Amino acid sequence: MVKITFPDGSIREYESGVTGLDIAKSISHKLAKEVLAVSVNGETWDLTRGIATDATVKLYTWDDEEGKHAFWHSSAHLMAEALQELYPGTKFGIGPAIESGFYYDIEPGNDIVLTDKDLEAVEKKMVELSGSRQEYQRVDVSKKEALDYFSKRNETYKVELINDLEDGKITYYQQGTFTDLCRGPHLPDTSYIKAIKLTSLAGAYWRGNEKNKMLTRIYGIAFPKQKMLEEWLVLMEEARQRDHRKVGKEMELFMFSQAVGQGLPMWLPKGTMLRDRLESFLRKLQKKHDYQQVITPHITNVNLYKTSGHFQKYGKDSFQVITTPQEGEEFMLKPMNCPHHCEMYKFKPRSYKELPIRFAEFGTVYRYEQSGELHGLTRVRGFTQDDAHLFCMPDQIKDEFKKVIDIIFIIFKALDFNDFTAQVSLRDPNNKEKYIGSDENWEKAERAIIEAAEEKGLKTNVVLGEAAFYGPKLDFMVKDAIGRKWQLGTIQVDYNLPERFELEYTGADNQKHRPVMIHRAPFGSMERFVAVLIEHTGGKFPLWLTPEQVVVLPISEKFNDYAQNVLNLLNNSDIRTVLDDRNEKIGRKIRDNELKKIPFMLVVGENEASQQQVSVRRQGRGDAGSMSIDEFIKLVNKEVDGQLEAIYNY
RNA sequence: GCUGUUGUAGCUCAGGGGUAGAGCACUUCCUUGGUAAGGAAGAGGUCUCGGGUUCAAAUCCCGAUAACAGCUCCA
């Protein structure tokens, strides 16, 4: 007998060799149907693997990441089996579960090139195989056996993987005719996988290395019920509707032009309005936090970047140097603002009493991103950072970090960004030579970041090896409409530039000391931030950011004068307005995509003109009735104030 | 940068070796003056660009370019 401890602390006895599935059956029929995998002493196991010792057990269903993971991983194997049957000679790379769904990297044999059209046939085959209810069987093998088996079948990628594995810890999983090198865990059998959608086909380098061969990666997703797949498809469609590239075009916020160049966005009037408001909001916020606004030029002598070291590291991959009539004189487009701010720091001797010094700049920079990397406004070649550099003494780092976290919190709160994650990026402890700066400084800075985050109640995931080469950092990530993660706010410690620029301050001891520099950008860049903002709101911005808050619609041209009059009164009150005097049917205007995003619509006609009123319609929230213009102004101000309250009372 | 897909009217897209199509939007007119109406007429395109094959290319082939998806990258 073995003692099984459950998450609630209760303990039951079972025959030795009992499986997760048996345990689920002993609890309830329903649970036995829903359970997908089981945690045994913290390790995720197959439901059919026998438990021979006392153990702590947790049953995983679709609601657990681990359950979904086993489900999708099994789906990947099912797909591999289908591919093997349809395309004999296919070599298999790896096929894991991912955040939503799974993929398998394959190399189809016989020079076959798969296209989107083939996916349907694969799906069909998968459904067929799922119907035949094949069991996933776990088999322990020795390294030699595994190597023999896969070498014989010419599975070169699998052989490469096995070579890196430790003997004695190698397992196969088999279902039907397909055998895969795999750690598991898997579902009991293929019949669990009821609804399947293969979503896309793309190239992916073997082991993620650009120098390796490119394999064909097939992405898919699967569910235990057809209905869940349908719901997922609807969700994806809704996400596509919120895509910032689509909304940005519809709302006329920004554009790209082939004539201007790849990755160089142009802000249309309404987008500029929106961006200006975000900038002035941050400007005010930074002023309160004792930042000093500065401005630096767009081109710079290459020597500055040789001093900073960026030219050596990134020069080849940048927009190339600009020459002048003067022999040997070279400039480049500014890829970052930091070196300029360092020069400003050096403008005069600094005392410890001045520190921290905080230079802020909305600095437009140009970086030659690889062409395949460009993506809407989130990844561009010319963008404006809401940049600032804080120069401080080492023991001020933590405090400065906390103040920057405050600013980021205020911004996220004002814009209703709730589901962000924070990541602390530290250096890779096994690869210290990749980084510059002393061990002592790194440790001090890493500790300061972790403590600052903790003291601010910020939950973070700590990732080793993700630090910049010059210092550790704290990043804020937000997801876009289809779940891709983007980094927005960032705070980074830098020991490199103060060193290279020989920055110093005079301490209380009358000695020269080196300051520490902190880079920070709460938005990241105006471009990326606006993109994410659009995807969060679907273009329905908070009132204080809406490019136009009020549209005035005269019902016929007889009332154009009155409408103009209303407009003037509103404009005197700071409310942003737009007049739509096309004098068409109102119903037709309301369908207008452009007007859909404006929160208030004022309809004026005979009744309104005679009583000096307006009929107020709030988009998406129906009719608010007729009221005087003063009353309307109060209404709008109240709503805007309500939103701004969150900011200023924070 | 790599692999793949795509580029036709303002937008969404169909078509396809013989000089160009739909829906929505747009313009004018009619009907209806009041909260997602209906009708008529009209205007809009070097079919991304360059080269080749052909009697003939928007269509087939090659190259460039841009967008999209994924990989790699992101100071």
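Proteins come first, then strands; the chains are lettered A, B, ... in the order of their sequence lines, and each starts at number 1. Quantities reported herein were computed from a predicted structural model and do not represent experimental measurements. As a basis for the values below, the full set of heavy atoms in this structure was taken, side chains included, without hydrogen atoms, waters or symmetry mates.
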What contact category does [X] fall into here, base, sugar-phosphate, or nothing, at under 4.0 angstrom with non-hydrogen atoms?
| X | value |
| --- | --- |
| A:Ser318 | base |
| A:Gln262 | sugar-phosphate |
| A:Tyr470 | sugar-phosphate |
| A:Gly208 | sugar-phosphate |
| A:Gly471 | nothing |
| A:Tyr219 | sugar-phosphate |

Q) Tell me the salt bridge (charged side-chain N to carboxylate O under 4.0 Å, His left out) pairs involving residues 374-383 of chain A, sequence neighbours left out? A)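 Applying salt bridge (charged side-chain N to carboxylate O under 4.0 Å, His left out) to every pair that reaches into residues 374-383 of chain A, excluding sequence neighbours, yields A:Glu369-A:Arg379, A:Glu373-A:Arg379.
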
Q | Within residues 466-477 of chain A or reaching into it, pairs that qualify as salt bridge (charged side-chain N to carboxylate O under 4.0 Å, His left out) - sequence neighbours excluded | A | A:Lys473-A:Asp475

Donor-acceptor contacts under 3.5 Å from residues 309-317 of chain A side chains, at least two apart:
| unit_1 | atom_1 | unit_2 | atom_2 | d |
| --- | --- | --- | --- | --- |
| A:His310 | ND1 | A:Ser308 | OG | 2.7 |
| A:Gln312 | NE2 | A:Lys306 | O | 3.2 |

Q: Provide the distance between the two C1' atoms, one in B:A25 and one in B:U46, to the nearest whole Å.
A: 24 Å

Applying side-chain contact (heavy atoms from CB on, under 4.5 Å), can you list everything that pairs with [X], at least two apart in sequence or on another chain?
| X | answer |
| --- | --- |
| A:Ile407 | A:Leu282, A:Leu285, A:His289, A:Tyr291, A:Ile411, A:Arg520, A:Pro522 |
| A:Ala521 | A:Asp386, A:Thr490 |
| A:Glu343 | A:Leu304, A:Lys346, A:Phe501 |
| A:Ala202 | none |

(Q) Once side-chain hydrogen bond (donor to acceptor under 3.5 Å, both in side chains) is applied, do any residues pair with A:Asp164, and if so which ones, sequence neighbours excluded? (A) A:Arg207

**Q.** side-chain hydrogen bond (donor to acceptor under 3.5 Å, both in side chains) against A:Glu631, all qualifying residues, sequence neighbours excluded
**A.** A:Ser628

(Q) Suppose we call two aromatic rings close when their centres sit under 6.0 Å apart. Are A:Tyr470 and A:Tyr435 close by that rule? (A)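 For A:Tyr470 and A:Tyr435, the ring centres are not under 6.0 Å apart.
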
Q. Quick one, which residues of residues 304-312 of chain A touch RNA chain B with a heavy atom under 4.0 Å?
A.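 Nucleic-acid contacts, sorted: A:His310.
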
Protein-nucleotides 6-14 of chain B N/O pairs under 3.5 Å:
none

Q) Is there a donor-acceptor contact under 3.5 Å linking the side chains of A:Gln385 and A:Asn337? A) yes

Q. Any idea which of B:A69, B:U35, B:C2 is nearest the A:His375 side chain?
A.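 So the nucleotide nearest the side chain must be B:A69.
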
Q) For RNA chain B, which consecutive runs of 3 or more Watson-Crick or G-U pairs (each distance under 3.5 Å) count as stems? A) B:1-7 with B:65-71, B:10-13 with B:21-24, B:26-30 with B:38-42, B:48-52 with B:60-64

